[in-house]
Amino acid sequence: MNILLSNDDGIFSPGIHALARAVQGVAKRVLIVAPDVEQSASGHSITIRRPLRYTRTRLRELPGIEAYRVDGTPADCVVLGVHNGGRPDVLVSGINIGPNLGYAVTHSGTVAAAIEATTLGIPAIAISLQTGDGELDFQYAADFAARLVSEITRHGLPERTLLNVNFPIGRPKGVTVSRQSTYTYQDAVVKRTDPDGIPYYWVSGTPKGTPEPDTDFTAVTSGYATITPLRLDLTDEGFLAELSPIASLLTQQQP
Ligand code: MN
């Protein structure tokens, strides 16, 4: 099995190193293609107005694993990884430092790498770990990812569907499947002044989650690892029919 790994925390993040070590056991070939610097919250953007570099990178922690850094986004990494390294059997993105839940997945570069692979018809899994005050321990999530990859490559994924996996802090009480929640970040814009007296803005946010039943947010905050299947097709099937008469009306009113 050929596995392509990427992330949005950057090629030197311990999360992708732990993931690489773990999936080495189930793969014939592991290829890492990741951003040269952190790209968290870059979403699914790709770089089209400037050239990109694809640079062989020796990772001291991972001797024997082929790795490349890209001066672009996670989606760029997947595009170049597939172009240069060939089509993998599966793409795994992560392990992200911090959860990717609910609506926040639309900002996530970790999930975007998996989205990019899905658009290319490659089965894809995004892995994220909830963080707290203690030291980060990727071991459980990494070993779980390796087992999940084996199961998924055997079972397959529906077309245009990817898996978003989130781990709680500490050893999970179990593994659940869940829906996407409405978890998001409450925008917080801080206005400050630079040394020249010109204002600048710092956009951040505070997590905002409602404990809806059977959702990714509720599972992770209750101490469970959880797998959410996400579809690329965002079409609202129900509203499509309701919208149809409005389109007809607009057609009739056409001058
Ligand atoms: Mn990140």
Side-chain angles (χ1 to χ4, degrees), residues 3-23 32-47 52 57 59 61-62 67-81 91-118 124-142 144-145 148 162-169 180-181 183-188 202-209 216-217 220-221 225-228 230:
I3 302 182
L4 175 60
L5 300 183
S6 197
N7 72 355
D8 77 358
D9 291 339
I11 194 161
F12 301 109
S13 169
I16 198 166
H17 300 169
L19 184 60
R21 266 191 299 273
V23 297
I32 296 179
V33 183
D36 57 353
V37 293
E38 194 190 339
Q39 292 285 334
S40 291
S42 63
H44 191 200
S45 65
I46 52 168
T47 305
L52 290 168
T57 304
L59 297 170
E61 304 81 354
L62 301 167
Y68 295 83
R69 63 183 189 275
V70 174
D71 55 342
T73 65
D76 290 330
C77 292
V78 173
V79 171
L80 292 187
L91 171 283
V92 189
S93 179
I95 299 168
N96 189 61
I97 301 175
N100 277 305
L101 306 164
Y103 296 156
V105 302
T106 59
H107 287 130
S108 169
T110 308
V111 175
I115 288 174
E116 184 58 33
T118 307
I125 304 169
I127 314 263
S128 305
L129 177 65
Q130 171 100 308
T131 52
D133 296 333
E135 207 177 307
L136 281 171
D137 184 2
F138 296 105
Q139 200 55 52
Y140 183 90
F144 181 91
L148 180 63
L162 59 107
L163 298 183
N164 185 34
V165 187
N166 280 277
F167 289 88
I169 299 167
Q180 185 182 10
S181 62
Y183 178 91
T184 186
Y185 289 87
Q186 178 79 57
D187 287 339
W202 201 297
V203 177
S204 75
T206 40
K208 202 178 91 180
D216 53 10
F217 173 75
V220 168
T221 49
T226 191
I227 310 173
T228 304
L230 297 177

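Atom set for the values below is all heavy atoms of this structure, side chains included, hydrogens, waters and symmetry mates excluded. Indexing begins at 1, ligand by ligand and atom by atom, following the structure's order.
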Evaluate the criterion side-chain contact (heavy atoms from CB on, under 4.5 Å) for residue pair Asn7 and Leu19; output intermediate values, then yes/no. CA-CA 10 Å; Asn7 72 355; Leu19 184 60; over 6 Å; no

For Phe217, check ring pair (Phe, Tyr, Trp, His ring centres under 6.0 Å) against everything at least two apart and list the hits. Tyr183

Looking only at the side chains, is there a donor atom on one of Ser181 and Asp216 sitting less than 3.5 Å from an acceptor on the other? yes

Under 2.8 Å from the Mn ion (ligand 1) - protein N/O/S, by chain and number: Asp8 OD1, Asp9 OD1, Ser40 OG, Asn96 OD1

Is a donor from one side chain sitting under 3.5 angstrom from an acceptor on the other, for Ser40 and Asp9? yes

Side-chain donor or acceptor of Asp76 paired with backbone N/O of Thr47 under 3.5 Å: yes

Taken to the nearest 0.5 Å, the spacing of Thr118 OG1 from Leu162 CG works out to 4.0 Å

